[in-house]
Amino acid sequence: MKTKKQNADFLHVGRNLLGWYHIHGRDLPFRKTNDPYKIWICEIIFQQTRIEQGLNHYNRFIQRFPDVQTLAAASTDEVLLYWKGLGYYSRALNLHHAAQQILTAFQGNFPEKYEDILSLKGVGKYTAAAISSICFGENIPAVDGNFYRVLSRIFADDFDISSSKAFGYFSALALQMMPEGEAGHFNEAMMDLGSAICKPKNPLCESCPLNDDCLAFQFGKVQDFPVKTKKTKATDLELKYSFVEFNGIFLVRQRKEDFIWKKLYEFPEKTPVEWAEFVINQKRVSHKLTHKNLMIIFDHVKLPSLQILQKFAAKEGYFLFSAEQARQKSFPKPLQNFLESIFPQTEMV
DNA sequence: AATACGGGGCG
DNA sequence: CGCCCAGTATT
(Lines give C-alpha, C1' and ligand atoms only; values in the text may rest on other atoms or scores of the structure.)
Protein backbone atom coordinates (compact mmCIF):
# COMPACT_ATOMS: atom_id res chain seq x y z
CA MET A 1 0.00 0.00 0.00
CA LYS A 2 1.45 3.30 -1.11
CA THR A 3 1.20 6.39 1.03
CA LYS A 4 -0.14 9.61 -0.38
CA LYS A 5 1.34 11.87 2.25
CA GLN A 6 2.68 15.22 1.18
CA ASN A 7 6.12 16.67 1.77
CA ALA A 8 5.00 18.84 4.69
CA ASP A 9 3.78 15.76 6.56
CA PHE A 10 7.12 14.03 6.10
CA LEU A 11 8.97 17.00 7.56
CA HIS A 12 6.58 17.15 10.47
CA VAL A 13 7.40 13.55 11.38
CA GLY A 14 11.11 14.23 11.06
CA ARG A 15 10.90 17.18 13.43
CA ASN A 16 8.97 15.12 15.97
CA LEU A 17 11.71 12.53 15.81
CA LEU A 18 14.45 15.11 16.35
CA GLY A 19 12.55 16.62 19.27
CA TRP A 20 12.37 13.22 20.93
CA TYR A 21 16.05 12.55 20.23
CA HIS A 22 17.26 15.74 21.90
CA ILE A 23 15.62 14.61 25.14
CA HIS A 24 15.85 10.80 25.01
CA GLY A 25 18.85 10.15 22.76
CA ARG A 26 21.50 7.82 24.16
CA ASP A 27 24.65 9.20 25.71
CA LEU A 28 27.32 7.16 23.91
CA PRO A 29 31.07 7.80 23.77
CA PHE A 30 31.14 8.34 20.01
CA ARG A 31 28.32 10.87 20.25
CA LYS A 32 30.73 13.30 21.90
CA THR A 33 33.01 13.63 18.88
CA ASN A 34 32.97 14.54 15.22
CA ASP A 35 36.35 12.94 14.59
CA PRO A 36 35.73 11.00 11.37
CA TYR A 37 38.27 8.37 12.43
CA LYS A 38 36.34 7.56 15.59
CA ILE A 39 32.98 7.67 13.83
CA TRP A 40 34.37 5.35 11.17
CA ILE A 41 35.58 2.84 13.76
CA CYS A 42 32.30 2.88 15.62
CA GLU A 43 30.24 2.49 12.46
CA ILE A 44 32.26 -0.57 11.43
CA ILE A 45 32.11 -2.13 14.89
CA PHE A 46 28.38 -1.66 15.15
CA GLN A 47 27.57 -3.20 11.79
CA GLN A 48 25.23 -6.07 12.64
CA THR A 49 26.27 -5.65 16.26
CA ARG A 50 24.26 -4.32 19.20
CA ILE A 51 25.63 -1.41 21.20
CA GLU A 52 25.83 -3.41 24.43
CA GLN A 53 27.77 -6.12 22.64
CA GLY A 54 30.41 -3.89 21.05
CA LEU A 55 30.83 -0.95 23.42
CA ASN A 56 33.77 -2.38 25.34
CA HIS A 57 35.47 -3.35 22.10
CA TYR A 58 35.00 0.18 20.79
CA ASN A 59 36.55 1.78 23.88
CA ARG A 60 39.50 -0.61 23.93
CA PHE A 61 40.04 -0.22 20.18
CA ILE A 62 40.11 3.60 20.34
CA GLN A 63 42.38 3.55 23.35
CA ARG A 64 44.90 1.31 21.59
CA PHE A 65 44.51 2.83 18.10
CA PRO A 66 43.61 6.49 18.73
CA ASP A 67 44.23 7.63 15.16
CA VAL A 68 44.62 6.33 11.64
CA GLN A 69 48.42 6.41 11.76
CA THR A 70 48.50 4.17 14.83
CA LEU A 71 46.07 1.75 13.26
CA ALA A 72 47.96 1.61 9.97
CA ALA A 73 51.25 0.92 11.78
CA ALA A 74 49.86 -1.97 13.83
CA SER A 75 50.20 -5.64 12.92
CA THR A 76 47.25 -7.58 11.52
CA ASP A 77 47.40 -9.92 14.51
CA GLU A 78 47.06 -7.07 16.96
CA VAL A 79 44.12 -5.53 15.11
CA LEU A 80 42.46 -8.93 15.22
CA LEU A 81 43.29 -9.25 18.91
CA TYR A 82 41.26 -6.13 19.63
CA TRP A 83 38.47 -7.59 17.49
CA LYS A 84 38.47 -10.90 19.38
CA GLY A 85 34.95 -12.18 19.97
CA LEU A 86 33.20 -9.58 17.81
CA GLY A 87 32.64 -11.76 14.76
CA TYR A 88 32.63 -10.83 11.06
CA TYR A 89 36.42 -10.69 11.19
CA SER A 90 36.83 -9.37 7.67
CA ARG A 91 35.65 -6.07 9.14
CA ALA A 92 38.88 -5.87 11.14
CA LEU A 93 41.02 -6.82 8.14
CA ASN A 94 39.26 -4.27 5.95
CA LEU A 95 39.67 -1.63 8.66
CA HIS A 96 43.40 -2.28 8.73
CA HIS A 97 43.61 -2.16 4.95
CA ALA A 98 41.60 1.05 4.74
CA ALA A 99 43.94 2.71 7.25
CA GLN A 100 46.82 2.09 4.82
CA GLN A 101 44.56 3.38 2.05
CA ILE A 102 44.07 6.67 3.91
CA LEU A 103 47.82 7.02 4.34
CA THR A 104 48.71 6.38 0.73
CA ALA A 105 45.74 7.72 -1.21
CA PHE A 106 44.73 10.59 1.09
CA GLN A 107 48.06 11.60 2.66
CA GLY A 108 46.91 10.44 6.08
CA ASN A 109 43.93 12.81 6.15
CA PHE A 110 40.53 11.20 6.51
CA PRO A 111 38.62 11.78 3.25
CA GLU A 112 35.75 14.28 3.47
CA LYS A 113 33.89 13.62 0.23
CA TYR A 114 31.20 10.95 0.18
CA GLU A 115 32.65 9.23 -2.87
CA ASP A 116 36.13 9.16 -1.32
CA ILE A 117 34.81 7.75 1.94
CA LEU A 118 32.89 5.13 -0.02
CA SER A 119 36.13 4.06 -1.71
CA LEU A 120 37.54 2.80 1.59
CA LYS A 121 37.58 -0.97 1.94
CA GLY A 122 34.72 -2.16 4.11
CA VAL A 123 32.82 1.12 3.82
CA GLY A 124 29.52 0.76 1.98
CA LYS A 125 26.64 3.10 1.30
CA TYR A 126 25.35 3.05 4.85
CA THR A 127 28.68 3.75 6.55
CA ALA A 128 29.69 6.41 4.01
CA ALA A 129 26.36 8.16 4.61
CA ALA A 130 26.76 7.94 8.38
CA ILE A 131 30.27 9.43 8.35
CA SER A 132 29.33 12.10 5.80
CA SER A 133 26.26 13.23 7.72
CA ILE A 134 27.67 13.07 11.24
CA CYS A 135 31.14 14.46 10.55
CA PHE A 136 30.72 16.64 7.47
CA GLY A 137 27.07 17.73 7.56
CA GLU A 138 26.11 16.07 4.30
CA ASN A 139 22.36 15.75 3.85
CA ILE A 140 22.29 11.97 3.40
CA PRO A 141 20.18 9.40 5.26
CA ALA A 142 22.17 6.48 6.69
CA VAL A 143 19.67 3.75 5.96
CA ASP A 144 20.09 0.65 8.12
CA GLY A 145 17.84 -1.94 9.66
CA ASN A 146 16.32 0.66 11.97
CA PHE A 147 15.27 2.82 9.01
CA TYR A 148 13.64 -0.15 7.32
CA ARG A 149 11.67 -1.01 10.43
CA VAL A 150 10.66 2.51 11.52
CA LEU A 151 9.79 3.84 8.07
CA SER A 152 7.90 0.75 6.95
CA ARG A 153 5.78 1.00 10.10
CA ILE A 154 5.18 4.75 9.96
CA PHE A 155 3.93 4.49 6.40
CA ALA A 156 2.53 0.96 6.70
CA ASP A 157 4.68 0.30 3.66
CA ASP A 158 5.03 -3.31 2.55
CA PHE A 159 8.08 -2.71 0.34
CA ASP A 160 10.23 -5.85 0.72
CA ILE A 161 13.26 -4.89 2.81
CA SER A 162 15.16 -7.93 1.58
CA SER A 163 15.05 -6.51 -1.94
CA SER A 164 18.24 -4.95 -3.23
CA LYS A 165 16.21 -1.85 -4.04
CA ALA A 166 15.17 -1.31 -0.43
CA PHE A 167 18.12 0.95 0.34
CA GLY A 168 17.28 3.41 -2.42
CA TYR A 169 13.56 3.22 -1.74
CA PHE A 170 13.83 4.03 1.96
CA SER A 171 16.59 6.57 1.32
CA ALA A 172 14.17 8.61 -0.79
CA LEU A 173 11.53 8.31 1.90
CA ALA A 174 13.95 9.38 4.65
CA LEU A 175 15.28 12.27 2.62
CA GLN A 176 11.84 13.85 2.59
CA MET A 177 11.57 13.58 6.37
CA MET A 178 14.98 15.02 7.12
CA PRO A 179 15.07 18.71 8.08
CA GLU A 180 17.85 20.51 6.19
CA GLY A 181 21.20 20.57 7.98
CA GLU A 182 20.19 17.99 10.61
CA ALA A 183 21.18 14.79 8.86
CA GLY A 184 23.65 13.62 11.51
CA HIS A 185 21.22 13.99 14.40
CA PHE A 186 18.37 12.67 12.28
CA ASN A 187 20.29 9.50 11.47
CA GLU A 188 21.29 8.99 15.10
CA ALA A 189 17.72 9.67 16.18
CA MET A 190 16.38 6.97 13.88
CA MET A 191 18.84 4.46 15.34
CA ASP A 192 17.90 5.33 18.91
CA LEU A 193 14.20 5.18 18.20
CA GLY A 194 14.61 1.82 16.49
CA SER A 195 16.63 0.52 19.41
CA ALA A 196 14.63 1.85 22.35
CA ILE A 197 11.05 2.19 21.07
CA CYS A 198 10.42 0.81 17.60
CA LYS A 199 11.99 -2.57 18.40
CA PRO A 200 11.62 -5.63 16.18
CA LYS A 201 9.58 -7.47 18.80
CA ASN A 202 7.26 -5.87 21.33
CA PRO A 203 7.72 -2.24 20.25
CA LEU A 204 6.75 0.36 22.87
CA CYS A 205 4.20 2.09 20.70
CA GLU A 206 2.42 3.76 23.64
CA SER A 207 5.64 5.63 24.42
CA CYS A 208 6.51 6.41 20.82
CA PRO A 209 6.82 10.09 19.91
CA LEU A 210 5.61 9.23 16.42
CA ASN A 211 2.59 7.08 17.25
CA ASP A 212 0.20 9.81 16.06
CA ASP A 213 1.97 9.71 12.69
CA CYS A 214 2.38 5.93 12.47
CA LEU A 215 -0.04 4.29 10.04
CA ALA A 216 0.84 0.77 11.15
CA PHE A 217 0.00 1.73 14.73
CA GLN A 218 -3.26 3.38 13.68
CA PHE A 219 -4.19 0.21 11.80
CA GLY A 220 -3.12 -2.04 14.67
CA LYS A 221 -0.73 -3.76 12.26
CA VAL A 222 2.67 -2.87 13.69
CA GLN A 223 3.73 -6.51 13.88
CA ASP A 224 3.13 -6.89 10.14
CA PHE A 225 6.04 -4.56 9.32
CA PRO A 226 8.62 -4.57 7.97
CA VAL A 227 7.94 -7.10 5.22
CA LYS A 228 10.91 -9.39 4.59
CA THR A 229 10.58 -12.30 2.18
CA LYS A 230 14.14 -13.59 1.97
CA LYS A 231 14.71 -16.83 3.77
CA THR A 232 18.09 -18.34 4.47
CA LYS A 233 18.77 -21.98 5.05
CA ALA A 234 21.34 -23.19 7.53
CA THR A 235 23.83 -25.90 6.69
CA ASP A 236 25.64 -28.29 9.00
CA LEU A 237 29.39 -28.31 9.40
CA GLU A 238 31.58 -30.55 11.52
CA LEU A 239 35.06 -29.54 12.64
CA LYS A 240 37.54 -31.88 14.31
CA TYR A 241 40.34 -30.37 16.34
CA SER A 242 43.19 -31.83 18.31
CA PHE A 243 44.35 -29.84 21.29
CA VAL A 244 47.89 -31.22 21.49
CA GLU A 245 49.84 -30.19 24.56
CA PHE A 246 52.74 -30.93 26.83
CA ASN A 247 52.80 -29.15 30.18
CA GLY A 248 50.56 -26.34 29.02
CA ILE A 249 52.33 -25.75 25.70
CA PHE A 250 50.10 -26.52 22.73
CA LEU A 251 49.99 -26.53 18.94
CA VAL A 252 48.22 -23.82 16.98
CA ARG A 253 48.12 -22.58 13.42
CA GLN A 254 46.68 -19.57 11.65
CA ARG A 255 43.65 -19.80 9.37
CA LYS A 256 43.66 -18.49 5.84
CA GLU A 257 41.87 -15.32 4.79
CA ASP A 258 38.90 -17.16 3.33
CA PHE A 259 35.85 -19.00 4.56
CA ILE A 260 35.11 -18.48 8.25
CA TRP A 261 37.26 -16.98 11.00
CA LYS A 262 39.64 -15.19 8.64
CA LYS A 263 43.24 -15.10 9.88
CA LEU A 264 42.26 -16.31 13.33
CA TYR A 265 44.19 -18.98 15.21
CA GLU A 266 43.01 -22.55 15.67
CA PHE A 267 44.28 -26.03 16.56
CA PRO A 268 45.47 -28.84 14.30
CA GLU A 269 42.74 -30.78 12.59
CA LYS A 270 43.47 -34.41 13.21
CA THR A 271 45.14 -36.53 15.78
CA PRO A 272 47.92 -38.63 14.24
CA VAL A 273 47.07 -42.29 14.74
CA GLU A 274 50.28 -42.95 16.60
CA TRP A 275 49.11 -40.49 19.26
CA ALA A 276 45.78 -42.13 19.84
CA GLU A 277 46.96 -43.56 23.12
CA PHE A 278 47.63 -40.04 24.43
CA VAL A 279 44.08 -38.79 23.95
CA ILE A 280 42.89 -38.13 27.48
CA ASN A 281 39.53 -36.63 26.72
CA GLN A 282 37.11 -35.79 23.94
CA LYS A 283 34.72 -32.90 24.05
CA ARG A 284 31.85 -32.03 21.70
CA VAL A 285 30.55 -28.51 21.37
CA SER A 286 27.76 -27.20 19.18
CA HIS A 287 28.04 -23.66 17.93
CA LYS A 288 25.87 -21.58 15.63
CA LEU A 289 27.14 -19.28 12.90
CA THR A 290 24.95 -17.16 10.67
CA HIS A 291 24.12 -19.88 8.19
CA LYS A 292 25.87 -22.83 9.72
CA ASN A 293 25.26 -25.20 12.56
CA LEU A 294 28.71 -26.19 13.77
CA MET A 295 29.58 -29.35 15.62
CA ILE A 296 33.11 -29.18 16.96
CA ILE A 297 34.96 -32.16 18.35
CA PHE A 298 38.03 -31.51 20.50
CA ASP A 299 40.51 -34.31 21.09
CA HIS A 300 42.63 -33.42 24.08
CA VAL A 301 46.07 -34.99 23.50
CA LYS A 302 48.69 -34.94 26.25
CA LEU A 303 52.06 -35.88 24.79
CA PRO A 304 54.70 -37.50 27.02
CA SER A 305 57.54 -35.13 26.10
CA LEU A 306 58.26 -31.64 24.83
CA GLN A 307 60.56 -33.08 22.13
CA ILE A 308 57.72 -34.82 20.31
CA LEU A 309 55.68 -31.63 20.43
CA GLN A 310 58.52 -29.50 19.07
CA LYS A 311 59.28 -31.97 16.31
CA PHE A 312 55.70 -31.89 15.12
CA ALA A 313 55.54 -28.09 15.33
CA ALA A 314 58.68 -27.66 13.23
CA LYS A 315 57.79 -30.27 10.65
CA GLU A 316 54.24 -29.18 10.04
CA GLY A 317 54.79 -25.46 10.32
CA TYR A 318 52.66 -24.96 13.41
CA PHE A 319 53.29 -22.60 16.30
CA LEU A 320 53.69 -23.55 19.93
CA PHE A 321 51.72 -21.36 22.31
CA SER A 322 51.45 -21.08 26.05
CA ALA A 323 48.20 -19.87 27.56
CA GLU A 324 49.84 -16.49 28.00
CA GLN A 325 50.79 -16.30 24.33
CA ALA A 326 47.32 -17.42 23.27
CA ARG A 327 45.91 -14.54 25.25
CA GLN A 328 47.67 -12.22 22.81
CA LYS A 329 46.03 -13.77 19.75
CA SER A 330 42.51 -13.94 18.40
CA PHE A 331 40.72 -17.31 18.49
CA PRO A 332 37.21 -18.13 17.28
CA LYS A 333 34.68 -17.97 20.09
CA PRO A 334 34.16 -21.72 20.57
CA LEU A 335 37.92 -22.29 20.60
CA GLN A 336 38.35 -19.41 22.99
CA ASN A 337 35.79 -21.01 25.27
CA PHE A 338 37.65 -24.30 25.06
CA LEU A 339 40.93 -22.61 26.02
CA GLU A 340 39.30 -20.97 29.00
CA SER A 341 38.01 -24.36 30.14
CA ILE A 342 41.53 -25.83 29.91
CA PHE A 343 43.20 -22.88 31.60
CA PRO A 344 40.60 -21.64 34.06
CA GLN A 345 43.17 -19.72 36.04
CA THR A 346 44.08 -17.58 33.05
CA GLU A 347 41.99 -14.59 32.13
CA MET A 348 41.77 -15.05 28.37
CA VAL A 349 39.58 -12.09 27.47
C1' DA B 1 20.05 -10.81 -7.39
C1' DA B 2 21.82 -14.11 -4.09
C1' DT B 3 24.94 -15.63 -0.77
C1' DA B 4 28.44 -15.70 2.94
C1' DC B 5 30.09 -13.81 6.95
C1' DG B 6 30.05 -14.23 13.97
C1' DG B 7 28.17 -13.77 17.90
C1' DG B 8 24.71 -12.56 21.19
C1' DG B 9 19.93 -11.58 22.73
C1' DC B 10 15.17 -12.46 22.79
C1' DG B 11 10.38 -14.48 22.39
C1' DC C 1 15.01 -22.61 17.59
C1' DG C 2 14.30 -18.78 14.36
C1' DC C 3 14.76 -13.96 13.77
C1' DC C 4 17.23 -9.72 14.26
C1' DC C 5 21.07 -6.53 14.92
C1' DA C 6 24.63 1.00 13.36
C1' DG C 7 26.11 -3.97 6.41
C1' DT C 8 29.66 -5.20 2.95
C1' DA C 9 32.12 -7.92 -0.46
C1' DT C 10 31.84 -11.30 -3.63
C1' DT C 11 29.91 -14.01 -7.22
Side-chain angles (χ1 to χ4, degrees), chain A residues 25-26 28-31 38-58 80 83-95 97-98 117-131 133-134 141-150 160-167 170-171 184 186-196 198-203 223 225-235 237 255 257-264 285-294 296 330-337 349:
Chain A
R26 286 174 291 187
L28 299 166
F30 38 88
R31 292 275 171 80
K38 292 194 178 72
I39 299 300
W40 172 47
I41 300 299
C42 100
E43 291 302 338
I44 301 298
I45 286 182
F46 294 112
Q47 284 169 7
Q48 302 292 284
T49 304
R50 294 168 197 278
I51 296 296
E52 317 80 66
Q53 187 185 350
L55 203 48
N56 289 336
H57 282 87
Y58 170 80
L80 285 170
W83 208 265
K84 173 148 56 170
L86 262 184
Y88 283 169
Y89 298 96
S90 55
R91 288 184 295 173
L93 301 177
N94 290 339
L95 214 47
H97 180 271
I117 298 171
L118 190 59
S119 76
L120 299 174
K121 193 100 177 276
V123 173
K125 288 178 297 183
Y126 160 78
T127 302
I131 297 173
S133 61
I134 293 171
V143 176
D144 68 342
N146 293 299
F147 275 66
Y148 291 154
R149 193 169 58 256
V150 173
D160 183 4
I161 68 164
S162 55
S163 156
S164 59
K165 295 183 201 145
F167 187 92
F170 286 102
S171 290
F186 179 87
N187 288 331
E188 294 171 324
M190 197 70 89
M191 298 174 203
D192 281 12
L193 188 78
S195 165
C198 198
K199 302 182 293 181
K201 307 291 180 187
N202 298 26
Q223 299 290 359
F225 300 96
V227 171
K228 185 178 184 180
T229 62
K230 188 188 75 168
K231 291 162 177 53
T232 54
K233 43 186 178 288
T235 60
L237 180 63
R255 292 186 63 87
E257 193 174 342
D258 62 357
F259 198 37
I260 56 174
W261 300 328
K262 298 178 179 59
K263 305 287 285 181
L264 266 54
V285 175
S286 61
H287 188 82
K288 199 155 163 50
L289 272 46
T290 306
H291 295 117
K292 288 180 169 46
N293 296 311
L294 291 187
I296 306 177
S330 189
F331 285 82
K333 194 62 178 176
L335 278 64
Q336 176 76 19
N337 291 341
V349 181

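Naming convention: chains lettered A, B, ... in sequence-line order (proteins, then strands); numbering from 1 in each chain.
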Distance alone, cut at 3.5 Å: any donor-acceptor contact between the side chains of A:Ser195 and A:Arg50?
no

With a 3.5 Å cut-off and no angle check, do the side chains of A:Glu43 and A:Tyr126 form a donor-acceptor pair?
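Looking only at side-chain atoms, A:Tyr126 and A:Glu43 do form a donor-acceptor pair, the distance falling under 3.5 Å.
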
For [N] versus [M], give the span between their [atom1] atoms, rounded off to a whole number of Å.
N: C:dC5; M: B:dA1; atom1: C1'; value: 23 Å
N: B:dG9; M: C:dT8; atom1: C1'; value: 23 Å
N: C:dA6; M: B:dG11; atom1: P; value: 15 Å
N: C:dA9; M: B:dG8; atom1: C1'; value: 23 Å

For the backbone of [Y] and the side chain of [X], can you confirm whether one donor and one acceptor N or O come within less than 3.5 Å of each other?
X: A:Trp83; Y: A:Gly87; result: yes
X: A:His57; Y: A:Lys84; result: yes
X: A:Arg91; Y: A:Gly122; result: no

Where chain A begins and ends its contact with DNA chain B, read 5' to 3' at 4.0 Å from heavy atoms
B:dA1 to B:dG8

NA contact type, [X], heavy-atom cut-off 4.0 Å: base, sugar-phosphate, or nothing?
X: A:Arg31; value: base
X: A:Ile45; value: nothing
X: A:Thr127; value: sugar-phosphate
X: A:Phe30; value: base
X: A:Thr49; value: base
X: A:Ile44; value: nothing
X: A:Asn187; value: nothing
X: A:Gly194; value: nothing

Closer to the 5' end of DNA chain B via nearest nucleotide, is it A:Lys165 or A:Lys201?
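Closest to the 5' end, via its nearest nucleotide, is A:Lys165.
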
Hey, which of these two, A:Lys288 or A:Ser163, hits DNA chain B nearer its 5' end, going by closest nucleotide?
A:Ser163

Are A:Phe167 and A:Phe147 an aromatic pair by the rule of ring centers under 6.0 Å?
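So the answer is no for these two rings.
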
Can you tell me the distance, in whole Å, between the [atom1] atom of [X] and the [atom2] atom of [N]?
X: A:Tyr58; N: C:dA6; atom1: OH; atom2: P; result: 17 Å
X: A:Lys262; N: C:dT10; atom1: NZ; atom2: C1'; result: 10 Å
X: A:Glu43; N: C:dG7; atom1: CD; atom2: C1'; result: 11 Å
X: A:Asp192; N: C:dC5; atom1: CG; atom2: P; result: 15 Å
X: A:Tyr88; N: C:dA6; atom1: OH; atom2: P; result: 13 Å
X: A:Gln47; N: C:dG7; atom1: CD; atom2: C1'; result: 5 Å
X: A:Phe259; N: C:dA9; atom1: CZ; atom2: P; result: 21 Å
X: A:Met191; N: C:dA6; atom1: CE; atom2: C1'; result: 5 Å

Looking at A:Tyr89, I'd like to know if the NZ or CZ of A:Lys263 sits under 6.0 Å from its six-membered ring centre while staying within 45 degrees of the ring's axis.
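A:Lys263 over A:Tyr89 ring: no.
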
Upstream residue (5' side of DNA chain C) when A:Lys121 and A:Arg149 are each assigned their closest nucleotide:
A:Arg149

Of A:Leu118 and A:Gln53, the one whose closest DNA chain C nucleotide lies more 5':
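Its nearest nucleotide being more 5', the pick is A:Gln53.
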
Output, in order, the C-alpha distance, side-chain angles, deciding distance and verdict of salt bridge (Lys or Arg N to Asp or Glu O under 4.0 Å) for A:Asp144 and A:Arg149.
CA-CA 9 Å; A:Asp144 68 342; A:Arg149 193 169 58 256; over 6 Å; no

Quick one: closest heavy-atom pair of A:Ala166 and A:Asp160, and the distance?
CB-O, 3.8 Å

